[in-house]
K.L.:
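Attaching a single structure in structure tokens format; questions to follow.
These numbers were taken from a predicted model, which means no experiment stands behind them.
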Amino acid sequence: MEFGENQRPWRVKPELPFLLFLIVVLIGYVGMLVLMVGANVLTVSWEDIGNVLRDADIQRSIKLTIVTCTATAILSVLVAVPLAYLLSRYQFRGRAFIDTILDIPILLPPLIVGLSLLILFNRVSPSTCCWMMAGGLCFAACVGFFWKNKGSDCSMIPRALLFIGGVFAVGALLMRGSGSVEEVTSGLGLPMTFHPLGIVLAQFPVAAAFAVRTMRTTFDQISPRYEEVAMTLGCHRGQAFTRVVLPLAGKGVVAAGTMAWARSLGEFGPVLIFAGATRGRTEVLATSVFLEINIGNLPGAAAISLLMILLAVVILMLVRFFVGKGGAI
Amino acid sequence: MKRPILILFFLLALLGSALWWLANDRNEIERGKGSLLVHCAAGLRRPMSEIARQYEEEFGIKIILQFGGSGALESQLMVAGGDLYLPADQGYVESVRSKGLIKESMPVAQLSAGIVVPKGNPKGIASLKDLAREGVKISLGEKSASVGKFTWGVLAKEGLLGEVEPNVVVTKPTVNMIVEDVATGAVDAAIAWDAVAKNFPEVEWIPVPEFTKRSKLAGIGVLTSSKDASRALHFARYVTSRERGRKVFVEMGFEVPDVGDAWLDIPEVTLFSGSMLRPAIQERIRGFEKREGCRVNTVFEGCGTLIGMMKAGSQPAGYFSCDVKFLDMVDDRFFPGTVMTGNEIILLVAKGNPKSLSTLADLSGAGVKLGVCDEQKSALGQLTHEMLTRRKVEFENIAVKVAKGDDLVSAMQARSLDAALVYRSNALASPVTLKECEIVDLNDELAFAEQPYAVARETAHPELMKRLGESLSSDDARSDFEKLGFTWKLEEEE
């Protein structure tokens with residue numbers, strides 16, 4: 001290789017071209033997003049936005065969207081934090097299997113989530129559900145009994161699994177002939193299918209899966225040494241978790257919640273199938289857009305889209321401002 | 001994040017209140033308690049929303065409309081039930097009915113498919129053949145939507161499928177979406193229902209004979225899963241009534257079928273029926289009244305008497321006649337009837353047949369006391385009279401002429417006659433009869449009456465009467481008839 005007169009080639013190769021490359025990518029992608037929003041803006045007049053905001057059905061849709069997304073996000077975090085901690089800190093047989101199951105909601109087309117819920121609630125009896133749970137837990141317990149982890153003689157966990165499986169089996173016997181799951185929940189005053197509560201249930205599986213992923217990464221990044229130190233100082237595992245790990249994972253929790261909230265905002269397929277897209281009843285903003293397109297109201301649909309973008313940006317900013325001050329969510 | 005427990009409690013409280021709000025939503029009315037769930041084709045969205053609003057206003061019953069493609073709704077209702085199903089094509093109603101999920105159905109509106117192009121028709125598309133031109137981009141309905149099923153079917157029948165298909169750039173699950181494609185300029189043409197295309201100011205609808213000659217009837221079906229069938233039928237009647245639902249459909253540019261019922265909260269109709277049919281249909285009519293929430297006034301008489309009443313000015317909404325001949329006499333007042341059942345005339349003799357009567361000829365023998373019906377008063381009498389005349393049986397032996405077959409059966413039980421010519425159903429109406437008497441088959445082609453059911457031309461409730469006819473010809477009804485010795489005539493026609 002010849003370097004000619006200049007003896008230090010690395011100096012004349014400035015970072016400018018690379019930086020330009022980065023900027024081009026940035027312009028390409030962000031530009032596309034801005035253009036998409038811009039196209040929406042162009043089809044909408046102030047009058048359309050006024051009409052949409054004055055529409056009682058849309059007002060209700062906004063309210064319902066905020067309430068359901070918030071409920072789903074909280075529910076997701078409550079499930080994701082302990083689950084992710086378990087997966088992050090404990091080694092056990094079948095962990096890879098559970099990991100795979102947790103990915104199912106992310107991989108599947110969202111429509112299938114809705115369809116599965118619809119079938120589960122209307123075609124399957126609670127007794128059958130309990131039998132399936134009992135069967136699964138007994139199988140897990142057997143796995144635990146026969147393939148004990150090296151160095152661990154603790155048979156508490158398989159026994160606990162077996163016990164819970166037994167409880168399900170008793171439940172199955174008690175609930176024989178009680179109709180479908182939907183009939184049972186309706187009887188308890190919690191109707192799900194084609195009902196506002198069903199929206200939360202439809203949003204939850206996917207939202208929670210994303211929250212678990214986020215929390216898992218967070219916990220993986222926190223060194224177990226902190227807990228170990230806390231425990232040598234007299235904490236038991238639970239205290240170490242609540243007093244040491246959780247405060248450290250605070251930003252991750254907020255991120256998981258935000259992620260779940262944002263996912264729920266856009267969730268459309270499962271809500272449409274399981275909770276229905278009934279005007280003024282189980283209509284959330286994502287389904288509002290669909291309903292407006294369905295009656296040929298393109299400006300209305302675009303106006304709602306803008307509303308959703310605005311809502312998402314405002315909520316994300318608020319969360320960043322109040323909770324994650326200075327933190328990168 | 002200094003006090004996780006506090007935050008946890010806060011989150012739980014927030015979650016609890018959110019879920020509480022959702023579960024006790026004011027907008028919510030329980031299904032089956034003053035509300036109806038209607039699975040409605042997306043293409044009928046505008047008129048149905050308006051009709052549902054009017055109905056809610058008038059009766060305070062919440063109508064929950066579930067919109068989607070006709071086929072998608074079908075799978076949804078199969079899992080989740082509901083009260084009513086309104087696809088854009090009667091064919092779906094029939095297919096769901098064949099699965100036993102629909103009981104009644106009524107026609108709602110007529111849909112004609114045509115080509116949808118952007119306003120001004122820039123590509124100059126005027127016929128189906130133009131769709132096969134190179135460079136024309138087309139959006140069609142998916143086969144799960146009724147418009148798609150229809151379009152693909154017609155294209156195949158017209159032999160244009162091979163030429164048009166390469167131009168189809170996209171298929172969509174509901175008719176609204178394909179019109180939307182034209183409206184946004186994403187495609188050059190689509191095939192959609194006229195009434196849907198008229199909602200969009202950006203498009204033009206071009207009728208093509210291949211489609212308009214096969215216009216589709218959208219029908220509403222009452223699901224067997226409905227927990228409040230009377231309420232569901234009430235709404236279905238509302239949607240299809242001339243003064244209510246149909247009016248909205250017409251205002252929104254839909255064509256509607258000519259016939260349609262007048263709107264009445266509780267309709268009242270009159271059915272004239274031959275008295276022989278009473279044991280077979282009385283209970284069933286009561287069940288029909290209860291389910292439909294209507295009143296059916298029934299007049300059971302000999303058919304001669306019924307004809308007399310009609311000539312005197314009575315206008316029944318329906319007529320279940322003892323024999324085709326007695327419908328022919330008043331056929332100007334009724335739509336063509338459907339023969340539902342047949343009833344054979346038999347010879348009823350005393351147990352053991354002491355006079356050994358086995359043919360019509362035996363009736364001419366000396367000393368036989370024969371009972372018949374009056375030819376003026378009933379179909380049985382007239383048929384008997386004609387049969388005896390043509391088979392040259394002596395009239396001298398006729399000891400008595402009564403108004404109805406039942407009277408002859410009573411006379412036989414009183415042993416005041418040696419033989420009587422009655423319907424098989426007369427003899428089987430009461431189990432007591434066959435303890436005293438026995439049936440001798442005449443095996444004569446003239447010894448047969450056929451009972452047609454007909455709906456009046458002038459009635460305000462033709463659809464209701466049609467449904468009454470359907471209810472009287474259901475499988476359950478068939479067994480009622482057959483128990484009474486009627487033969488079933490409908491099968492042959494189907």
Side-chain angles (χ1 to χ4, degrees), chain A residues 43 60 63-64 66-75 77-78 81 115 118-119 121-123 180 182 186 189-191 193-200 241-243 245-251 253-254 257 272-274 276-282 290-291 293-298 301 323, chain B residues 1-5 7-8 10-19 21-32 35 37-39 42-43 45-46 49 52 62-68 72 75-76 78-82 174-177 179-180 183-184 196-203:
Chain A
T43 43
R60 180 185 151 75
K63 207 159 103 188
L64 197 61
I66 295 176
V67 172
T68 53
C69 287
T70 309
T72 308
I74 295 174
L75 211 55
V77 167
L78 291 181
V81 170
L115 182 69
L118 195 66
I119 296 173
F121 270 75
N122 293 284
R123 278 261 166 116
S180 66
E182 176 67 38
S186 294
L190 299 169
T193 311
F194 303 144
H195 188 281
L197 265 184
I199 301 174
V200 174
F241 175 68
T242 50
R243 295 189 184 169
V245 185
L246 262 190
L248 281 171
K251 278 171 195 159
V253 176
V254 174
L272 184 70
I273 299 278
F274 185 62
T278 309
R279 188 111 262 200
R281 189 163 163 272
T282 56
F290 171 76
L291 288 176
I293 289 177
N294 243 334
I295 43 171
N297 182 3
L298 193 60
V323 192
Chain B
M1 283 281 174
K2 294 277 152 54
R3 294 199 184 115
I5 300 293
I7 294 171
L8 178 71
F10 171 71
L11 287 181
L12 281 176
L14 198 58
L15 175 67
S17 49
L19 293 181
W21 184 75
L22 289 172
N24 298 289
D25 196 356
R26 268 185 300 114
N27 268 37
E28 181 54 34
I29 297 172
E30 294 279 309
R31 263 166 72 189
S35 73
L37 178 64
V38 185
H39 298 274
R45 183 184 168 112
R46 279 182 71 235
S49 301
K62 181 108 182 143
I63 303 296
I64 301 153
L65 294 168
Q66 179 76 24
F67 295 106
S75 25
Q76 216 168 47
M78 279 164 67
V79 184
T174 70
V175 62
N176 306 67
M177 292 180 185
V179 182
E180 182 84 17
T184 55
V196 176
K198 281 172 197 159
N199 291 345
F200 291 75
E202 303 93 338
V203 304

K.L.:
Nearest heavy-atom pair of V200(A) and A71(A): which atoms, and what distance?
P.N.:
CG2-CB, 4.2 Å

K.L.:
Take F67(B) and S49(B) through the test side-chain contact (heavy atoms from CB on, under 4.5 Å) and record every step on the way to the result.
P.N.:
CA-CA 10 Å; F67(B) 295 106; S49(B) 301; 3.8 Å; yes

K.L.:
Tell me, side chain or backbone of V67(A) under 4.5 Å from chain B's heavy atoms, or both, or neither?
P.N.:
both

K.L.:
Would you mind checking which part of T184(B) comes under 4.5 Å of any heavy atom in chain A, side chain (CB onward), backbone (N, CA, C, O), both or neither?
P.N.:
side chain

K.L.:
Below 4.5 Å, heavy atoms only, C-beta onward: do F274(A) and T282(A) meet side chain to side chain?
P.N.:
no

K.L.:
Which atoms of L190(A) come close to chain B, meaning under 4.5 Å heavy atom to heavy atom: side chain ones, backbone ones, both, or neither?
P.N.:
side chain

K.L.:
Check whether any side-chain heavy atom of T72(A) sits under 4.5 Å from a side-chain heavy atom of I199(A), and report yes or no.
P.N.:
no

K.L.:
Pick one of side chain, backbone, both or neither for L78(A), based on which atoms fall under 4.5 Å of a heavy atom in chain B.
P.N.:
side chain

K.L.:
Restricting to non-hydrogen atoms, name the atom on L118(A) and the atom on N122(A) that form the minimum distance, rounded to 0.1 Å.
P.N.:
O-ND2, 2.9 Å

K.L.:
So which part of L19(B) gets closer than 4.5 Å to some heavy atom of chain A, the side chain, the backbone, both or neither?
P.N.:
both

K.L.:
Which atoms of L272(A) are under 4.5 Å from chain B, going by heavy atoms: the side chain, the backbone, both sets, or neither?
P.N.:
backbone

